[in-house]
Asker: 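Questions regarding the structure given below will be posed in turn.
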Amino acid sequence: MKITDIKVFVTCPGRNFVTVKVYTDEGLTGVGDATLNGRELAAAAYLEEHVVPCLIGRDPRMSEDIWHYLYRGAYWRRGPVTMAAIAGIDTALWDIKAKAANMPLYQLLGGASRTKVLCYTHAQGREIGEAVDAVGERMSQGYKAIRAQVGIPGLPDVYGTGDGTLTNTADDAGLPKEEVWSTTKYLPRIPQLFEEIRAAHGDEIHLLHDAHHRLTPIEAARLGKDLEPFRLFWLEDTVPAENQDGFRLIRQHTTTPLAVGEVFNTIWDCKQLIEEQLIDYIRATCVHAGGPTALRRIMDFAGLHHVRTGCHGAADMSPICLGANLHLDLWAPNFGIQEYSGYSEEMLSVFPHAWSFEDGYMHPGEAVGHGVDFDEEAAAKHPYKRAYLPVNRLEDGTLWHW
Ligand code: EZ4
Ligand code: CO
């Protein structure tokens, strides 16, 4: 089998998605997600100019060799643009491989280790009461695990509480929106939120929270301690994880389970946190961590150290990424949970898919390959539109972590 062509599509059915489609001389095709929110055309150009020409004529079944060709062969390793591009190709190659084997992808990985995949979704409100109600609404939709976020008194909409989480964001000039942040105002608010959620909805529902990289280690340690009575499933992204030593301090102070890694690109970003058992869940996901070839290594490595998986699955990864994740989730012996924030009908119209949600659980489906397709005609109706993730400033104007 030979690769005859590779096309890269950038479409915006409500938000920008980068899709790679690999064509072969035997008629089989595969698709992969290469979306990098706010930097979409960088990943697309990387693919079109620097990757596609090298792969024409190669055997698509040699996904391991192609992965290393793109990773080692570039000399410049790692980085979000490179790894999203590699992920797009790698996911498409596994799609082809599984189609050639006439199997759903999870069978090639070792088969199902469970019958269904626990997922969590998002609930939020500007006021605590609103967030408590939103959790109840999600419970009534069947969800068994819910991430709760709430507005902070004295601040305009903060991360996770506005209404722009599903769609492209930019200000009126098409540039990044600016948000305002105060850790002092945030820290006492979150334990109040979870106290009220537990009081209203009981002990059974799994609760999660995302601090979105905004704290220092000692602040994170304090928040983790304050949240212990409410038994969170996890507390996510407390501190920026470039400095992984910071997690030692958090770990020494709290039994609240910790999750991190949605921005990680490679197993090297996970190494210290996993080896030293400083976290409980690794958030690495197909599109940002280099595709199934790389993600399954991270998952196995995590399994050696009592770390479970928790793939990032917000709506700025395409339904292809979610589909590929679900196959890995169904297989991984140390699976933890899968994020699922949902997609609009417009987004789903571009990505026909075999995956499904029922009563709080997902399943990748039994279609051959990873089970997600790309509708070129539907995509063509939604041209790329420049957009950004927001930036964040402290109240005195200091640029902060978003
Ligand atoms: O901010 O996907 O856990 N989910 C998240 C997401 C991320 C976006 C960034 O592109 O933190 O909402
Ligand atoms: Co997050």
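Counting starts at 1 for both ligands and their atoms, following the listed order.
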Asker: Could you check Y120, Y281, F194 and say which one makes a ring pair (Phe, Tyr, Trp, His ring centres under 6.0 Å) with F233?
Answerer: Y281
Asker: Answer yes or no for K97 and W94: cation-pi contact, defined as NZ/CZ to six-membered ring centre under 6.0 Å and angle to ring axis within 45°.
Answerer: yes
Asker: Could you tell me whether H122 and ligand 1 have an N or O pair separated by under 3.5 Å?
Answerer: no
Asker: Nearest protein heavy atom to atom 12 (O) of ligand 1, by residue and atom, and its distance?
Answerer: Y159 OH, 2.6 Å
Asker: Are any of the N or O atoms of D210 closer than 3.5 Å to those of ligand 1?
Answerer: yes
Asker: Which ligand 1 atoms are under 4.0 Å away from a heavy-atom of W402?
Answerer: 1 (O)
Asker: Find out whether the Lys NZ or Arg CZ of R214 is both under 6.0 angstrom from the six-membered ring centre of W400 and within 45° of the ring's axis.
Answerer: no
Asker: Using the Co ion (ligand 2) as the vertex, how large is the angle between OE1 of E262 and OD2 of D210, rounded to 10 degrees?
Answerer: 180°
Asker: Which part of L389 is near ligand 1, with near meaning a heavy atom under 4.0 Å away: side chain, backbone, both or neither?
Answerer: side chain
Asker: Anything under 30° is parallel, anything over 60° is perpendicular, the rest tilted; go ahead and classify F351 against F17.
Answerer: perpendicular
Asker: Using a 4.0 Å cutoff against the non-hydrogen atoms of R283, which atoms of ligand 1 qualify?
Answerer: 3 (O), 4 (N)
Asker: Got the closest protein heavy atom to atom 1 (O) of ligand 1, with its distance?
Answerer: H212 NE2, 2.7 Å
Asker: Who's the nearest protein heavy-atom neighbour of atom 7 (C) of ligand 1, and how far?
Answerer: E262 OE2, 3.4 Å
Asker: Tell me whether the rings of W355 and Y340 are parallel (<30°), tilted (30 to 60°) or perpendicular (>60°).
Answerer: perpendicular
Asker: Do the ring planes of W402 and H212 sit parallel (below 30°), tilted (30 to 60°) or perpendicular (above 60°)?
Answerer: perpendicular
Asker: What protein heavy atom sits nearest atom 10 (O) of ligand 1, and how far away is it?
Answerer: D316 OD2, 2.1 Å
Asker: Using a strict cut-off of 4.0 Å, indicate which atoms of ligand 1 neighbour a heavy atom of N37.
Answerer: 10 (O)
Asker: Under 6.0 Å between the ring centres of Y159 and W181?
Answerer: no
Asker: Need the atom name: nearest N/O/S atom of E236 to the Co ion (ligand 2).
Answerer: OE2
Asker: Who are the side chain to side chain contact (heavy atoms under 4.5 Å, CB included) partners of T82, not counting sequence neighbours?
Answerer: Y46, I86
Asker: Strictly distance-based, threshold 3.5 Å: is any side-chain N or O of N265 a donor or acceptor partner for the main-chain N or O of G290?
Answerer: no
Asker: Should you measure from each heavy atom of E339, which atoms of ligand 1 turn up under 4.0 Å away?
Answerer: 3 (O), 4 (N)
